[in-house]
Novice: 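Attaching a single structure in structure tokens format; questions to follow.
Order of appearance sets the numbers: ligands from 1, and atoms from 1 within every ligand. Remember, predicted model here, so these are calculated numbers, not experimental data.
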Amino acid sequence: VRSAGGDSIVSLSKSSHAALNRRSIVEKRLLLALDQKNLHVLYQPQVDLKSGNITAVEALVRWDDEEIGAVSPDELIPIAEETGLINNIGSFMLEKACEQAVLWKNAGHAIKVSINSSVREFRDKNMAKSILETLERTGCPANLLQIEITEKFALEAEAETGIIKQMRALEKEGIVFVLDDFGTGYGSFRYMQLLPISILKIDQTFIHSLKSKKNQQLVNGMVQLGKSMNLTVVAEGVETEEQMQFLTSIGCDFIQGYFVSKPSSTEEISSLLL
Ligand code: C2E
Ligand code: CA
Ligand code: CA
Ligand code: CA
């Protein structure tokens, strides 16, 4: 396993070494950032295609570390999931989202706030309880909170009764579950029978490729599937007027994406609400 390949073996181990190193640095800085509450939240609006109003916002984590710079969610979330720090990020985001929903409500805007949850957070037996406690502590009504779970999460959760129980308990209190990244899973819809999902969010890859007739038919099929199950349908990653018009014409309920607004600060969202 040497000779000509010798070099590539050395460089392979070098690069995996670098990846490990990066991960442990990110983990260390993340622990500190969580401790000092140095993460922050941006909100991206969702617009009701019937009324044109913003009715909900999605909370997205942002982290700009003073030593290692900005770490994107696409790098941060997998590391946090592996190390278990996702539970800390989750409670931080939940707390922030609830506080913000109350601020907007008190300013006369009853908009829902959606947070993203990882399956690992729901493996904690106290997840439902601690969500309800946070609602109580912040004074946030349960019906202003939405929880987004990915289709991948749903596929894992359908085999775990502990997770299903907690989701049902939260739904009973008025919390709404959103199925995120819809269309990226593998065929099975069994989770639809088992999990209390009320909203389907079509993955942005399908929206970005709407120029093709085939993809228009696919997205139309997804919207009709959602409607036939009495679900609300959201399209994410909407970037152009044409995409919005197509989605309106097939009866999609809500859109989210750069065409409406990028993820924004609370001040920017508040001014959009006026
Ligand atoms: P996601 O939940 O599917 O969120 C949508 C992502 O698409 C966001 O990326 C958003 O900034 C981006 N986006 C929104 N509109 C457009 C558009 O019109 N065009 C394009 N090209 N992109 C758009 P972001 O903020 O980088 O987050 C990436 C992923 O990281 C999220 O995907 C979500 O899975 C995860 N994530 C972010 N925040 C959290 C969090 O607090 N907790 C957990 N568990 N995951 C999070
Ligand atoms: Ca999401
Ligand atoms: Ca998504
Ligand atoms: Ca995604």
Side-chain angles (χ1 to χ4, degrees), residues 26 30 33-34 37-47 54 56-64 70-98 100 112-124 127 131 134 145-154 156-157 163 176-185 197 199-210 219 222 232-244 246-247 252 254-265 268-269 272:
V26 169
L30 179 57
L34 281 162
K37 298 205 185 290
N38 274 342
L39 303 175
H40 67 279
V41 190
L42 292 182
Y43 297 87
Q44 189 176 35
Q46 276 167 27
V47 165
I54 295 173
V57 292
E58 176 176 8
L60 294 157
V61 70
R62 291 294 180 267
W63 178 29
D64 193 359
V71 180
S72 76
D74 288 333
E75 181 182 13
L76 168 64
I77 300 300
I79 293 177
E81 281 175 344
E82 261 173 56
T83 55
L85 292 174
I86 194 67
N87 296 60
N88 308 53
I89 293 180
S91 15
F92 172 83
M93 295 295 289
L94 173 69
E95 180 107 18
K96 286 282 190 183
C98 290
Q100 193 53 50
K112 299 179 198 304
V113 179
S114 230
I115 57 164
N116 292 283
S117 281
S118 295
V119 74
R120 178 151 184 177
E121 295 174 68
F122 271 86
R123 290 203 173 107
D124 174 352
M127 179 67 172
I131 290 175
T134 304
L145 181 65
Q146 296 183 342
I147 300 179
E148 302 196 3
I149 62 161
T150 60
E151 195 170 40
K152 192 166 149 269
F153 175 135
E156 285 185 46
I163 295 180
V176 162
F177 283 94
V178 180
L179 185 70
D180 201 354
D181 300 348
F182 178 62
T184 59
I197 291 161
I199 302 180
L200 281 190
K201 200 186 236 194
I202 299 174
D203 191 65
Q204 47 182 295
T205 55
F206 299 102
I207 308 305
H208 295 162
S209 53
L210 275 180
V219 169
M222 289 174 162
T232 298
V233 182
V234 184
E236 74 176 340
V238 177
E239 295 179 353
T240 68
E241 169 138 36
E242 297 75 63
Q243 291 165 351
M244 182 201 65
F246 174 75
L247 291 160
C252 180
F254 294 89
I255 58 166
Q256 179 179 343
Y258 297 165
F259 181 66
V260 176
S261 162
K262 296 211 161 175
S264 306
S265 67
E268 289 168 314
I269 298 287
L272 284 177

Novice: What do you reckon, does Lys201 put a non-hydrogen atom under 4.0 Å from ligand 1?
Specialist: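 False for this residue.
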Novice: Output the list of atoms in ligand 1 that are nearer than 4.0 Å to some heavy atom of Glu58, sorted by atom number.
Specialist: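 Counting from 1, the qualifying ligand atoms are 2 (O), 4 (O).
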Novice: Could you verify whether a donor N or O on one side chain and an acceptor N or O on the other, from Thr205 and Asp203, lie under 3.5 Å apart?
Specialist: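 Side-chain D/A pair, Thr205 to Asp203: present.
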Novice: For atom 24 (P) of ligand 1, which candidate among Ser72, Ser114, Pro73 holds the nearest heavy atom?
Specialist: Pro73
Novice: Keeping the roles fixed (side chain from Arg62, backbone from Leu42), state whether a donor-acceptor pair exists under 3.5 Å.
Specialist: no
Novice: Less than 3.5 Å between some nitrogen or oxygen of Ala59 and one of ligand 1, yes or no?
Specialist: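 No, no N or O pair falls under 3.5 Å.
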Novice: Any donor and acceptor pair, going by atom type alone, linking the side chain of Arg120 with main-chain N or O of Leu85 inside 3.5 Å?
Specialist: no
Novice: In sequence, state the C-alpha distance, the side-chain angles, and the governing distance for Glu58 and Lys201, and then conclude on salt bridge (Lys or Arg N to Asp or Glu O under 4.0 Å).
Specialist: CA-CA 12 Å; Glu58 176 176 8; Lys201 200 186 236 194; 2.8 Å; yes
Novice: With side-chain contact (heavy atoms from CB on, under 4.5 Å) as the test, would you mind laying out the steps for Ile149 and Val178 before giving the verdict?
Specialist: CA-CA 6 Å; Ile149 62 161; Val178 180; over 6 Å; no
Novice: Taking Glu121 for the side chain and Ser118 for the main chain, is one N or O donor matched with an acceptor at less than 3.5 Å?
Specialist: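 Flag set: sc Glu121 to bb Ser118 pair under 3.5 Å.
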Novice: Whether the side chain of Glu151 engages the backbone of Leu179 through a donor-acceptor N/O pair (distance < 3.5 Å, no angle test) should be reported.
Specialist: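 It does not hold such a pair.
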Novice: Considering the heavy atoms of Met93, write down every atom of ligand 1 situated less than 4.0 Å from one of them.
Specialist: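 Those atoms are 41 (O).
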Novice: Out of Leu60, Ile115, Leu39, who is nearest to atom 4 (O) of ligand 1 when you count heavy atoms only?
Specialist: Leu60
Novice: Does His208 come within less than 4.0 Å of ligand 1, judged by its heavy atoms?
Specialist: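 Distance cut 4.0 Å: His208 passes for ligand 1.
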Novice: Checking side-chain hydrogen bond (donor to acceptor under 3.5 Å, both in side chains) against Gln46, which of Gln146, Gln256, Glu236, Lys112 comes through?
Specialist: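 Of Gln146, Gln256, Glu236, Lys112, side-chain hydrogen bond (donor to acceptor under 3.5 Å, both in side chains) with Gln46 is met by Gln256 alone.
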Novice: Looking at every heavy atom in both Gly183 and Phe206, which two are closest together, and how far apart are they?
Specialist: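 Shortest heavy-atom separation between Gly183 and Phe206 comes out as O-CZ, 3.4 Å.
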Novice: Answer yes or no for Gln256: is there a heavy-atom contact with ligand 1 below 4.0 Å?
Specialist: no
Novice: Can you confirm whether Pro263 sits close enough to Tyr258 that some side-chain heavy atom of one is under 4.5 Å from a side-chain heavy atom of the other?
Specialist: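 Yes, at least one pair of side-chain atoms sits under 4.5 Å.
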Novice: May I ask you to list the protein N, O or S atoms found at less than 3.0 Å from the Ca ion (ligand 2)?
Specialist: Glu58 OE2, Asn116 OD1, Glu148 OE1, Asp180 OD2
Novice: Any nitrogen or oxygen of Glu121, main chain or side chain, under 3.5 Å from a nitrogen or oxygen of ligand 1?
Specialist: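 Checking ligand 1 against Glu121, no N or O pair falls under 3.5 Å apart.
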Novice: If we ignore hydrogens and angles and just use 3.5 Å, is the side chain of Gln243 paired with the main-chain N or O of Thr240 as donor and acceptor?
Specialist: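 Checking the backbone N and O of Thr240 against the side chain of Gln243, a donor-acceptor pair under 3.5 Å is found.
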Novice: Which of the numbered atoms in ligand 1 are under 4.0 angstrom from any heavy atom belonging to Val238?
Specialist: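 Counting atoms of ligand 1 from 1, those under 4.0 Å from Val238 are 18 (O).
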Novice: For Ser118, take its heavy atoms, then give the atoms of ligand 1 lying under 4.0 Å from any of them.
Specialist: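 Listed by number with element: 44 (N).
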Novice: Need the ligand 1 atom indices (1-based, order shown) with element for anything under 4.0 Å from a heavy-atom of Gln44.
Specialist: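 Ligand 1 atoms under the 4.0 Å threshold to Gln44: 14 (C), 15 (N).
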Novice: Can you tell me if Glu268 and Ser265 form a side-chain donor-acceptor pair at under 3.5 Å?
Specialist: yes
Novice: Could you pull out, from Ile207, Ile149, Asp74, Val260, the option with a heavy atom nearest to atom 28 (C) of ligand 1?
Specialist: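 Nearest heavy atom to atom 28 (C) of ligand 1 lies in Asp74.
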Novice: Taking only heavy atoms of Glu239 into account, list the atoms of ligand 1 that are under 4.0 Å away from them.
Specialist: 17 (C), 18 (O), 19 (N), 20 (C), 21 (N)
Novice: With heavy-atom distances below 4.0 Å as the criterion, list the atoms of ligand 1 near Gly257.
Specialist: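 Near Gly257, meaning under 4.0 Å from one of its heavy atoms, ligand 1 has 15 (N), 18 (O).
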Novice: Between Leu42 and ligand 1, which part of the residue brings a heavy atom under 4.0 Å of the ligand: side chain, backbone, both or neither?
Specialist: neither
Novice: Of the non-hydrogen atoms in Gly237 and Gln204, which two are nearest, and what is the gap between them?
Specialist: CA-CB, 3.7 Å
Novice: Pull out every atom of ligand 1 sitting under 4.0 Å from any heavy atom of Asp181, numbered as shown with elements.
Specialist: 3 (O)
Novice: Would you compute the distance between atom CD1 of Ile89 and atom CD1 of Ile77 and round it to the nearest 0.5 angstrom?
Specialist: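 Here the rounded value is 5.0 Å.
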Novice: On a heavy-atom basis, I'd like to know which of Ile255, Ile86, Ile77 is closest to atom 46 (C) of ligand 1.
Specialist: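 Closest candidate by heavy-atom distance is Ile77.
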Novice: Could you tell me which non-hydrogen atom of Ile163 sits nearest to which non-hydrogen atom of Phe122, and how far apart they are?
Specialist: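 Answer, listing the atom of Ile163 first, then Phe122: CG1-O, 3.6 Å.
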Novice: Is there a nitrogen or oxygen of Arg62 sitting under 3.5 Å from a nitrogen or oxygen of ligand 1?
Specialist: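 Yes - when backbone and side-chain N and O of Arg62 are compared with those of ligand 1, one distance drops under 3.5 Å.
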Novice: Should Val260 and Leu272 be marked as a side-chain contact (heavy atoms from CB on, under 4.5 Å) after you check the CA-CA gap, both sets of side-chain angles, and the distance that decides it?
Specialist: CA-CA 10 Å; Val260 176; Leu272 284 177; 5.9 Å; no
Novice: Among Asp180, Thr205, Val41, which one has a heavy atom closest to atom 2 (O) of ligand 1?
Specialist: Asp180
